[in-house]
Protein chains: 2
Amino acid sequence: MSSENTELRKAGLKVTLPRVKIFNILQTTSEDHHLSAEDVYRKLLESGDDVGLATVYRVLTQFEAAGLVLRHNFEGGHAVFEMAGEEHHDHMVCTETSKVIEFYDSVIEERQRAIAEEHGYDLVDHSLILYVKPRKN
Amino acid sequence: MSSENTELRKAGLKVTLPRVKIFNILQTTSEDHHLSAEDVYRKLLESGDDVGLATVYRVLTQFEAAGLVLRHNFEGGHAVFEMAGEEHHDHMVCTETSKVIEFYDSVIEERQRAIAEEHGYDLVDHSLILYVKPRKN
DNA sequence: CTCCCTGCAAATCCTTTGCACATGT
DNA sequence: ACATGTGCAAAGGATTTGCAGGGAG
C-alpha cells in the first residue's frame, strides 16, 4: 500500500480513486510541479481515468485545507498547485519562458518577520514572486 | 485644467469624462487607496455618474498599460488598483481586518536583485505580500 | 467629420454548488 | 448500512468583448 493512503487517512479523507490518482499526479509530475486544476484534469484523462473537473477542484481544495498541497495565484486568472514539501520556498517566474524556479533566502525571510513585527503584527504567511528575464550581457 | 488631462493625453488617451472621473477617484481616495473595479464603479454611481462597469474595467486596464496605475492580485478572486506613485513599495495585508499597509525595505529589495542574478536572470518586477495578524502579547 | 470611446448585454474564464447516484469502511 | 465522495450540469463571480450609438479633436 503506497504511502499516500496513510497521508489521506491522516487528513481524514477516505481513500478514493480520484484522490489517490490526483495525489500521485502531484507527486510524480517532476518537470514543472506547478499544475493548474486543468493540468491535473488533463493528465487524468490522458491516463484514461474518468474524473470530473469539479472533483479535481474539490480534491485540490481539500488537499490544501489538509496542508498537503499549496495553492499559488501567480499571474491571476488561474491558480496553480504544488505538493507541500517540507521546506518553504518562494518562486521566480521567467517572463519570457514562464519557467518557474524555486528559491529560499533566509535574509528575506527574517526581514519579513521583522517588518511585520515593527508594525505590531505577527507574520502569518507571505507570497513572494520575482518576475525575471534571462540576463543578456 | 487639472493636471490629469495632461497625464491622460501623455498616455495617448482622449480626455473623456469617465477617464477623468476614474483618475480622480483613484487619486482622492486616501483612506485605503486600493480599490477594486467594483469599488470604483460604486463610487462613480454615488457621485451620480452614469458609467458602465465594463468601462471601469477598460479604463483601469488602459491606465495600467499606460503605467498610471498598478494592479494587484491580493487574495485572489478580484484585483485591486492603486495610483502608481513615484516610489515603489510592497504590501502587508491583515488577515483579520483586511487592512492594507505599505512598506519598503531596501534589504529585501537588494536581496531580490541579487537572487535573480545568482540564477542568471535580471529582475523585471516582483510581488511581495505579507499576510499578518495583530500581535497578541 | 472621423476615430476613439462608451453603455449595454452577452460571452468567457475559472471555480463552486446542488443533486441523485456510487463507493469506501 | 451510512456517511462520504463523485459526476454532471447549472450557477457564480470577475473580467472581457461585440456592437451600435455618442463624443472628442
With sequence neighbours excluded, what pairs up with [X] under the side-chain hydrogen bond (donor to acceptor under 3.5 Å, both in side chains) test?
X      : answer
E7(B)  : none
E38(B) : none
D39(B) : S36(B), R42(B)

Review point. Quick one: bend of the helix from dC1(C)-dG25(D) to dT25(C)-dA1(D) from 5 pairs per end, to 10°?
Key: 30°
Point to revise | Residue pairs, two or more places apart or on separate chains, that pass salt bridge (charged side-chain N to carboxylate O under 4.0 Å, His left out) and touch residues 119-137 of chain A | key: E96(A)-K136(A), D122(A)-R135(B), R135(A)-D122(B)
List, by chain and number, the other hydrophobic cluster members for [X], where Ile, Leu, Val, Met, Phe, Trp and Tyr join if side-chain heavy atoms come within less than 4.5 Å, directly or indirectly.
X       : answer
V107(A) : V107(B)
V80(B)  : F74(B), V93(B), V100(B), I129(B), Y131(B)
V124(A) : none

Check your understanding: Which letter, B, S or -, goes with each nucleotide of nucleotides 2-9 of chain C from 5' to 3', with contact meaning a protein heavy atom under 4.0 Å?
Key -> -BBSSBBB
Check your understanding: From the 5' end of DNA chain D to its 3' end, which nucleotides mark the outer limits of contact with chain B, defined by a 4.0 Å heavy-atom distance cut-off (strictly under)?
Key -> dA14(D) to dG25(D)
Can you list, pair by pair, the side-chain donor-acceptor contacts under 3.5 Å of residues 51-63 of chain B, counting residues two or more places apart and other chains?
unit_1, atom_1, unit_2, atom_2, d
T61(B), OG1, Y57(B), O, 2.8
T61(B), OG1, R71(B), NH2, 3.2
Q62(B), OE1, R19(B), NH1, 2.8

Review point. Under the ring pair (Phe, Tyr, Trp, His ring centres under 6.0 Å) rule, what pairs show up with a residue in residues 104-125 of chain B, not counting sequence neighbours?
Key: none
